[in-house]
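Notes to accompany the following structure.
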Amino acid sequence: MNQSGTESCKESTASSERVGRRMLRFMRTSMVALGAGFVFAISAGAASGQSGPPAWAYGFTAPNGPLPKSGSESLPKDDTPKHLPGSKFSFTLAQIWDVFAPADWYPEDHPQMPEIVAHGRKPNVNACGFCHYPNGKGRSENTSIVGLPYDYFLKTIGDFRSGARKTADSRRLNANVMNTFATGMTDEDEEAAAKYFGAMRWTPWIRVVETNTVPKIGNRGHMFFALPGGGKEPIGKRIIEVPENTKATTELRDDHSGFIAYAPVGSIKQGEALVTMGGGGKTIPCGDCHGEKLEGLGPVPGIAGRSPSYLVRQLYDMQQGFRTGVGIDLMKPVVANLTQDDMLAIAAYTSSRVP
């Protein structure tokens, strides 16, 4: 891809020089890190072999199902102080679910939070620490943002603001909410958040388990959880992420309690062939861009150990043209020939890698 092609990728909807400068800087550094020269000669999604976005990756149990209740709508009526092991603090459910001052159970885990992370910007920007937790590890309904490169973080906010980053499943509300948040953030907010989350290292958060069956699941917001009472169902061609401890995550928002990602038997090995060798020319080895250990390379983010459903959403959105903007052209030849089964396998393998 030549320089003129790079410049032509600028979002037509970007209305500020600030966004343009950031995107150009990211693209220049990305080109050095990745080595340009790919040619994209297939329409987005033509090789997917499957129609419609994979519902499981977007947090739905069925392709055309209704919106589930949000986490806050599912809370019990209870104003007693709650406690967590290892924390010396107590919070009520109302405090835990306050979008402008969410509970920080373990302040010793992270640097002092900037205002945008701790309290957001009223009335339209929630605290970053609400959705993504104070430690940045997030939940399967959104994503982890800890350890992201500074320039990549700013580029992502710019893509949400300009409309270059959308979602293939129109039922998925939080992607649209991020458009609103990005519009309401100042330069100082963005830079403070990028520095804060980028200063912390990504550590293991998701445990990948290959299996033929999974717990029967429900969903709150866009997050699955194991239904009480047990029971199993076939996994099929899905990856199902559920909290290790349902109550700790769905009610108490415990950012020490991670996730289990159930994946079909054999998917990690299938993914290894695609990720490390390109699947015999079907795609490009991920390490070429994301580093040998998939922990990131320059402005390119790490993907080792991150949420598999998030990764599949991004691969599908890129393939289908819902994620555009500067830098996405570099991913077009990566995703062009992938089927949804390939995406599942890639995500199973990358998520199983311990950063």
Side-chain angles (χ1 to χ4, degrees), residues 69-123 125-148 150 153 174 181 185 188-207 220-226 228 241-261 302 305-307 310 354-355:
K69 288 184 177 180
S70 69
S72 58
E73 289 175 328
S74 305
L75 292 176
K77 296 186 182 301
D78 184 357
D79 59 0
T80 60
K82 306 300 178 186
H83 304 269
L84 283 176
S87 174
K88 58 185 178 182
F89 299 97
S90 63
F91 301 98
T92 65
L93 290 178
Q95 291 172 318
I96 292 169
W97 286 84
D98 184 346
V99 298
F100 295 115
D104 184 7
W105 291 105
Y106 311 102
E108 67 279 4
D109 282 2
H110 55 77
Q112 182 176 351
M113 288 188 286
E115 187 68 11
I116 190 66
V117 176
H119 298 108
R121 179 173 289 279
K122 292 183 178 180
V125 184
N126 291 358
C128 303
F130 178 76
C131 293
H132 301 285
Y133 287 157
N135 63 11
K137 287 192 170 182
R139 296 149 48 117
S140 58
E141 69 203 63
N142 45 69
T143 187
S144 58
I145 55 178
V146 61
L148 291 180
Y150 178 81
F153 190 103
N174 55 1
F181 291 167
M185 294 174 72
E188 291 74 19
D189 292 337
E190 296 171 25
E191 291 162 4
K195 289 177 182 177
Y196 172 79
F197 290 112
M200 294 184 285
R201 290 181 59 83
W202 173 251
T203 54
W205 182 237
I206 297 167
R207 180 165 59 94
R220 293 179 184 170
H222 301 300
M223 182 174 66
F224 295 133
F225 65 97
E241 290 178 64
V242 297
E244 292 270 12
N245 182 313
T246 299
K247 183 175 181 178
T249 298
T250 60
E251 289 187 20
L252 304 181
R253 303 181 62 83
D254 179 3
D255 54 353
H256 274 188
S257 186
F259 288 79
I260 305 171
R306 307 261 177 170
S307 163
Y310 171 79
V354 178

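All residue numbers in this chain count up from 1 along the given sequence. Please read these numbers as outputs of a predicted model, since none were measured by experiment.
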Nearest 0.5 Å, please: how far is [atom2] in [Y] from [atom1] in [X]?
{"X": "Cys128", "Y": "Phe181", "atom1": "SG", "atom2": "CZ", "answer": "9.0 Å"}
{"X": "His132", "Y": "Asp255", "atom1": "NE2", "atom2": "CG", "answer": "13.5 Å"}
{"X": "Phe225", "Y": "Asn245", "atom1": "CZ", "atom2": "CG", "answer": "13.0 Å"}
{"X": "Phe153", "Y": "Tyr196", "atom1": "CZ", "atom2": "OH", "answer": "11.0 Å"}
{"X": "Asn135", "Y": "Thr203", "atom1": "CG", "atom2": "OG1", "answer": "7.5 Å"}
{"X": "His110", "Y": "Lys137", "atom1": "NE2", "atom2": "NZ", "answer": "12.5 Å"}

Side-chain touch [X]/[Y], heavy atoms, less than 4.5 angstrom:
{"X": "Asp189", "Y": "Arg121", "value": "yes"}
{"X": "Ile260", "Y": "Ile206", "value": "no"}
{"X": "Ser87", "Y": "Asp254", "value": "no"}
{"X": "Glu251", "Y": "Pro76", "value": "yes"}
{"X": "Met200", "Y": "Asp109", "value": "no"}
{"X": "Val117", "Y": "Phe197", "value": "yes"}
{"X": "Glu241", "Y": "Phe224", "value": "no"}
{"X": "Ser307", "Y": "Thr143", "value": "no"}

Within a 6.0 Å radius of atom CD on Gln112, are there more than 12 heavy atoms belonging to other residues, nucleotides or ligands? no
Do [X] side-chain atoms and [Y] backbone N/O form a donor-acceptor pair below 3.5 Å?
{"X": "Trp97", "Y": "Thr92", "value": "no"}
{"X": "Glu191", "Y": "Glu188", "value": "no"}
{"X": "Arg139", "Y": "Thr249", "value": "yes"}

Contacts of Glu115 meeting salt bridge (charged side-chain N to carboxylate O under 4.0 Å, His left out) (sequence neighbours excluded), chain-then-number -> none
Results of side chain to side chain donor-acceptor pair (under 3.5 Å) for Asp98 - residues two or more places apart only: none
Looking at every heavy atom in both [X] and [Y], which two are closest together, and how far apart are they?
{"X": "Ala193", "Y": "Ile116", "result": "CB-CG2, 4.1 Å"}
{"X": "Pro355", "Y": "Trp202", "result": "CG-CD1, 3.0 Å"}
{"X": "Pro102", "Y": "Ala127", "result": "CD-CB, 3.8 Å"}

If you apply the rule side-chain contact (heavy atoms from CB on, under 4.5 Å), what do you find for Asp104 with Phe89, and how did you get there? CA-CA 8 Å; Asp104 184 7; Phe89 299 97; over 6 Å; no
Does either side chain, that of Lys82 or that of Thr80, offer a donor lying less than 3.5 Å from an acceptor on the other one? yes
In terms of ring plane angle, is the pair Phe259 and Trp205 parallel, tilted or perpendicular, where the classes change at 30° and 60°? perpendicular
Using the ring of each side chain (for Trp, its six-membered ring), is Phe91 parallel, tilted or perpendicular to Trp105, with breaks at 30° and 60°? perpendicular
